[in-house]
Structures are given as C-alpha cells and as structure tokens.
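Here the structure is laid out as structure tokens; the discussion comes afterwards.
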Amino acid sequence: MDALARSRGAYVCRSCTRSLRRQWLRAHTYSTAATTPDIYDVVCVGGGPAGLSLLTALRANPATTHLRVALVEAQHLSKVRTWKLPPDRFSNRCSSLTPTSVRFLDSIGAWKHLERDRVQPYHEMQVWDGVTGARIEFDWGLGAAPSADAIEGTTIAYMNENLNLTSGLLKRLDELGGVAVFDGAKVEAITYGPETEELDLRQWPLVHLSSGNQLCARLLVGADGANSPVRSFAGINAPGWDYNRHGVVATLEMEGDGWRGDQVKIAYQRFLPTGPVAMLPLPGRFSTLVWSTTPANAAVLKSLSPKDFVAMVNAAFRLSPTDLTYMHTQEAGQTDEYSWRIQHTPHDPRAVPQEVVAVQEGTIASFPLRLRHADTYIAERVALIGDAAHTIHPLAGQGLNQGQGDVQSLAKTIEYAVTHGQDIGVTMSLEPYLAERYAANHVLLGVCDKLHKLYSASSGPLVPLRSVGLSAVNALSPLKSFLMNRAAGNPLKLF
Amino acid sequence: MRPALRHLPRRAVRPTPPAPRPTLTAPLPSKSRPFTSTPPHNHNHTPSSASVNETEISHFSALASSWWDPHGPSRPLHLMNPLRHDFIQRCLSTSPESTPSSFKLRYLDVGCGGGIFAESAARLPSTQSVTAIDPSPTILAVAREHARRDPALVGSKGRLTYVNTTIEELPLPEERSDRYDVVTLFEVLEHVDYPAAFLDRVGEFVRPGGWLVLSTIARTWMSWFTTKLVAEDVLGMVPRGTHDWEKYVNEDELRGYFAKKGGQWGAPRVMGVVYVPGVGWREVTGSERIGNYFFGVQRLS
C-alpha cells in the first residue's frame with residue numbers, strides 16, 4: 001500500500017496509519033507486523049460489477065480521488081483481467097445494460113474499455129402470453145431502412161457478457177491506479193477497530209483477511225452478493241422468498257442474424273405458466289437464453305443432449321404449454337417430438353425468434369431465483385450495493401442495472417459528503433443514498449414479482465384478465481412508451 | 001454553535017432554566033433591540049467574560065451527551081452543516097483574488113459546541129487549520145472525545161485544535177496577516193448579551209481580505225411563533241429556555257452595524273434558509289427577514 005499514489009490532504013494520511021500502527025504495536029506487543037490494521041476511507045468487499053464500478057467512480061472523480069480505497073475479492077482477478085474468448089464464443093452469463101447504465105459507465109471512463117464488438121444493442125421487444133397468445137410489441141416505430149442515428153436513439157438496452165463488463169472495469173481501474181487490491185483473499189471475520197491513546201476506532205469495521213491483512217474502514221461497502229457477509233456483520237436482515245424456480249441459461253446459435261438483420265435486433269420473452277422464457281440477441285447469429293422454470297424442468301433440460309435441448313428451446317417459443325409439459329417428461333427424443341408437433345401448431349414464424357440451430361458446448365447452466373430486499377442499505381460505517389442489497393427476478397433484466405443505479409447514487413453521496421467535510425462513514429452522510437435508492441428499488445422488485453406471479457397461473461380468472469391487460473397496453477401507445485422508458489432505465493418523472 | 005431548532009421529542013435533558021411561559025395574550029417584547037449597547041459600566045462584568053452568559057452555558061452543557069446523536073435534538077444542526085460550507089464557498093468566490101482556490105484556509109470557529117462545523121472544516125482538503133473555541137468545558141470534552149474517532153482529525157497533522165476559552169480571552173495574533181481567513185459564528189449571536197461589543201472583538205480576528213461568516217435568527221413574529229411558542233411550549237421539541245427571543249438579531253441590524261465601521265467591511269452577503277421537517281434545510285430567497293439566515297462580510301482593512 002505504500003506504493004499507492006496519494007494526493008495532499010488525503011482523508012486518512014499515511015502518517016496517521018503509521019502512528020496508529022506504532023500505538024497498536026505498543027498496546028498489543030504480542031501481535032506481529034502482519035496483523036496490524038491498515039486504515040482506509042473505503043473498503044469494498046466484492047469485485048463484481050457493482051464493487052468495481054463504485055471504486056472506478058470514486059477514483060475517476062477529482063473530488064474523491066484522494067480517498068484511500070481498498071478492494072477485497074475472493075477470486076483471483078488475473079482471470080478476469082486476461083478474459084478473452086474467440087469472436088464466435090460467448091459466455092452464458094449476460095446482462096441487459098440500460099442506456100442509463102451505459103451513460104454512467106461512460107462517464108466514469110469504463111465503457112470504452114469493454115470489447116464493444118461483443119456488445120449487442122437491441123431495439124425491439126416482443127412479449128407475449130404463452131397461454132392466451134396476447135401480445136405486446138415494444139418498438140420505436142423504425143421504418144424498413146432506418147438511419148444509423150435513428151437506430152442509436154432507439155436502443156432499448158445492450159446485451160453484454162458480465163465478464164466483458166468486469167474485465168473492462170478492471171482495465172479502467174488499472175489505468176486510474178491507486179486502489180489497494182486484496183484478491184484471492186477471503187473475509188475471515190469482521191470485527192471493530194482498536195482504541196489507542198490517540199484514536200478511538202471502536203466503531204470502525206475491521207476486516208480480517210485470510211491473507212493475514214487487517215483493513216480498518218471508515219466506510220465498509222458490501223458489494224459481496226446475495227449472501228453478503230458485510231450485511232450479516234451490520235445485522236441487516238434481507239427478507240424475501242425463493243420462487244422455487246431456476247433460471248436456465250445457455251449461449252445459442254441461430255439460423256440467421258435475426259428477422260430484421262444485424263442492424264435492428266429484437267428481444268423476445270414468452271410468459272409460460274412455469275415462468276418466462278427469454279431470448280436476447282448477441283452479435284451476429286448468437287443469442288443468450290434465460291429460461292425461468294421449475295427446478296425439476298431445469299434438471300431435465302440440463303440432462304438433455306445438445307440436439308434435444310435445442311428442440312426444447314424452439315418448442316418453448318412456439319408450442320402450447322400442454323405440449324411443453326409433455327415434452328418435459330420425455331427422457332430423450334425431443335427433436336422428433338418437436339418436428340412432429342410444430343407441423344400441427346399454427347404460428348407466425350416472424351413473430352417468434354428465428355430457429356435455434358445449436359447450443360455452445362458447456363454453456364448450459366442454471367441458478368435458483370430468489371427475491372431478497374435488505375431492510376436498509378446503510379448502517380454506521382456500512383453501505384450495501386447491488387445483490388447484497390437486493391436480488392430481483394430476472395424477467396425484466398434489471399438486476400445489474402439496479403446495482404449500477406446504487407453505485408451512481410452512493411458515489412454521488414460520498415462526493416457530497418467529502419466536499420462538505422462530512423465523515424463519509426456515518427449514517428448521517430449516507431442517508432441520501434438510502435433515500436434515493438430504497439423506494440426506487442422496492443417498486444421495481446415489486447413489479448417484477450407481481451408479473452411473475454400473474455403469469456404463473458395457467459387457468460383461472462386471472463388468465464383472460466391479463467390478456468386483456470396486455471392487449472390493452474399494446475393498443476395504448478402512451479402507456480407503452482412509459483413501459484419502454486422504464487425498461488430503458490429512464491428515470492420516472494412524477495411531475 | 002447553538003441549536004436553533006430541534007424537531008424531535010424532548011429527550012432526557014435537564015429543562016433549564018425555567019423561562020416564563022409566554023401566552024398568546026401576553027404582549028411581545030418591544031421590537032427594537034438595543035443592538036449597539038455595550039455592557040453597562042456599573043455592571044461587574046470583566047472584559048474577559050463580556051460575551052458569556054452563564055445561564056446559556058449551563059443550558060447547552062446539559063445537551064452535551066446528545067450532541068452527536070444523528071437522531072437527537074441536534075439533528076437540525078447536523079442537517080444545516082453542509083449549507084454552512086456552501087455559503088462560505090459562495091462568500092470566498094466573490095473575491096477570488098484575496099483567497100485563490102489553491103490557498104489553504106485557516107479557520108476560527110467561535111462557539112464551536114460539540115464540533116459539528118469544526119470537524120467538517122478540518123476534513124476539507126482546502127483547510128490548513130481549524131481553531132475551535134467554546135466557553136463550556138463539558139461540551140468541549142464531548143467535542144474532543146468525538147474527534148478521536150477520526151484519524152483525519154487527530155495525530156501528527158493535527159488540523160483541528162479545541163480551546164476552552166471565550167473570544168475575549170483568546171490572544172489576538174499580533175501580525176494582522178496571522179489572523180484568520182475565515183472566522184465563523186454559527187448559531188451564537190442570538191445567545192449573546194451584548195452583540196455589538198461581541199462582534200467588535202470577533203471582527204479583530206479576521207485578517208484583511210478574510211471573511212466573518214455567521215448564522216442566526218431574525219427577531220420576527222414568525223421566529224417567536226416557531227422557536228418559542230411551537231418548538232418550546234406547544235410541541236416541546238426543544239427544552240424550554242433554549243431561545244431568548246429578545247436576543248435575536250435582525251439582518252438589517254447587522255447590516256447597520258457593519259456599515260458604521262467606516263469602510264472596514266465590504267458589502268454583506270446573505271442567504272435565508274427554512275427548515276422543512278422531514279426534508280431538511282432549504283434556501284429561500286427573502287427568508288432572512290423572517291427566520292434563520294446566513295450572513296457573511298469581508299474585512300477590507
């Protein structure tokens with residue numbers, strides 16, 4: 001850490017750290033140099049998209065660049081730094097980045113470090129009810145041959161591999177420098193700091209790492225995921241529920257570049273009684289699949305041969321829920337079953353994604369879906385961001401964007417505190433972050449949760465009602481543009 | 001620094017001293033305050049304690065334990081603190097030639113209380129030093145203890161120094177250029193018995209080109225209604241006796257005081273602020289004539 005560049009007037013000066021070390025040694029003569037705490041203004045636990053974005057935002061802003069910051073990550077970051085795939089191979093963990101998130105990433109200088117030819121903007125969404133067929137089309141009314149400017153202005157979101165984002169953020173952070181990185185280091189315990197003659201750090205979190213380092217934090221940021229150890233340390237509960245659904249992901253190769261070619265790309269989502277299945281465009285002939293379904297169905301899908309898996313995905317966007325239920329009971333042979341059944345299923349091929357022709361090897365995976373929302377995002381000298389604060393149903397592709405929204409807000413809150421001489425760790429300084437993000441996240445979590453539940457019914461009074469709802473939304477252009485603006489992450493304006 | 005308005009339920013503080021309860025039928029005190037008055041000669045005040053009212057000191061000492069509780073009675077003061085910095089920046093920016101942005105500032109905070117402003121000023125990268133004084137040893141003990149929680153404030157760099165003294169007893173730096181760049185007086189003036197004599201003394205500590213920045217409450221029907229009747233008597237948000245309405249100082253009285261100093265001071269800058277419960281402080285143009293306001297004036301010679 002001594003090699004770190006620091007400007008004058010640093011919030012925590014090096015000499016304080018040194019003098020604390022001396023006193024700490026005096027007070028604890030049994031301790032060794034390896035276990036003396038280092039004092040930081042911000043210690044961020046978790047080097048995912050949220051944690052890396054936050055540190056990048058703080059380092060890139062002249063008002064906060066003098067803060068001493070540290071990153072703690074259990075994985076070795078060299079793997080992320082050197083991440084590289086051939087142009088025709090894509091990671092199966094992709095996320096939708098809204099234009100708002102992209103603007104933010106650009107403002108902190110990270111966007112240009114992503115491999116841009118691996119990022120796919122999309123301009124249309126096709127969403128329909130798998131039971132009744134009621135449909136809503138989200139497009140910006142692009143003509144047959146839209147201009148490049150028109151396409152740029154009508155991007156709903158950008159599909160991007162998560163690793164492309166974290167790798168780009170790391171490159172930007174390396175360029176900025178000044179972050180003490182502790183990677184490949186597990187958080188073994190979080191306690192409170194020491195008290196010396198001169199200093200009272202008994203309210204400062206002290207992070208003990210498996211490497212033997214001890215980091216004392218003015219502000220400890222939990223960007224450490226859904227099972228956040230930082231959240232547990234702060235005693236913050238995160239109530240929620242399991243959906244008893246798994247998200248099955250895969251990278252798929254399609255028969256072509258899409259119905260509107262490589263220029264205007266379309267995202268598809270069909271609501272099935274078991275959960276929504278979504279096909280999101282990647283560059284060229286590739287797409288990424290997110291299929292929310294029951295754990296039993298997910299297990300079947302993962303056990304199938306690549307050919308049968310492809311048939312099931314094609315079926316999921318075309319056949320009736322009854323057909324699909326039957327095909328999930330087959331141990332094999334879905335390919336033949338699909339080619340027979342599709343002949344007897346009337347459908348408009350251009351209203352569904354192009355046919356899938358192959359699945360990339362080793363890209364089929366699944367993860368359980370949960371809704372969690374922490375009771376608060378802040379405590380004395382603690383702030384939670386991203387999945388540590390909330391996990392959402394993936395049906396609206398908002399999880400990563402919510403995290404970026406948190407980061408933007410927290411970075412702004414820290415900047416305000418620093419420029420007004422406030423201690424950035426105390427709850428008084430962190431309150432604006434909580435006020436700005438909690439309600440906004442809560443609304444989005446609730447909407448996605450209700451959508452999931454609404455479309456989980458295959459019969460009953462809700463089914464015709466929801467179709468009326470979708471058809472009505474489709475007919476009402478103001479409401480549609482409202483929904484599209486939400487999907488694109490534009491801020492909600494009440495007045 | 002003294003709490004101006006506190007908006008949370010009465011805490012376990014000693015309600016000192018019992019002030020006569022105003023009633024709606026009782027006539028308000030006369031509107032004009034003998035602002036330019038100095039301590040009467042027959043009074044036994046020593047010059048060293050001219051600004052200090054013992055009752056006020058004991059009253060605020062009783063609040064010491066809750067000073068740094070973000071949800072305690074001092075919450076409005078904590079919320080107001082960022083605006084103090086905004087106002088100081090606004091003042092300094094009017095004369096960039098006397099304080100260039102690269103300049104490291106020396107602050108004197110008079111009546112620092114628990115150190116809400118003093119700590120924040122000491123944390124700013126643009127600060128060279130902060131000297132913070134208060135006559136109450138109890139409150140200064142709280143301030144010193146709290147500063148130990150931040151390595152940026154204590155230790156070898158030591159940008160923050162607390163002194164238990166009054167402005168009258170604080171030695172005046174002999175060289176005029178050694179005096180302070182910014183002298184602050186937040187929520188103090190309304191608790192001082194003889195404001196003119198007090199300001200005479202405080203003004204001496206400002207270097208030529210430096211700023212005297214203060215905040216206080218105007219003496220109006222509205223401030224009597226909000227700070228005395230509603231806050232102290234009706235809702236009990238503030239311990240009775242926190243405010244003495246008759247001591248409030250109006251903005252035009254301050255303007256008059258500085259104008260009479262024969263060109264020693266520049267044209268004042270003023271910012272009126274209003275506390276909105278649940279939201280915080282908001283700048284409201286013109287409200288300096290109604291309630292809380294900031295007042296900044298540059299020393300020219």
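Lettering follows sequence order; numbering is per chain, from 1. Because the structure is a prediction, the values reported are computed rather than measured. Side chains are part of it too, since the values below use all heavy atoms of this structure and drop only hydrogens, waters and symmetry mates.
- Shown here for B:R123 and A:Q422, the closest heavy-atom pair between the two residues is NH1-C, 3.7 Å.
- Looking at A:T196 and B:R148, their side chains never come closer than 4.5 Å, going by heavy atoms from C-beta outward.
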Worksheet entry | Stepwise salt bridge (Lys or Arg N to Asp or Glu O under 4.0 Å) test for A:E431 and B:R75 | CA-CA 13 Å; A:E431 277 174 10; B:R75 183 174 171 82; 2.9 Å; yes
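- Between B:L79 and A:M428 the shortest heavy-atom distance is CD2-CE, 3.5 Å.
- Atom CG of B:D150 is separated from atom CG of A:D200 by 11.0 Å, given to the nearest 0.5 angstrom.
- For the atom pair NE2 of B:H85 and OG1 of A:T419, the computed distance is 9.5 Å after rounding to the nearest 0.5 Å.
- If you measure heavy-atom distances from B:E145 to chain A, the contacts under 4.5 Å come from the side chain alone.
- For the pair B:D86 and A:H420, the tightest heavy-atom approach, listed with the atom from each and the gap, is OD1-NE2, 2.6 Å.
- The nearest pair of heavy atoms linking B:L124 to A:G421 is CD2-N, 3.4 Å.
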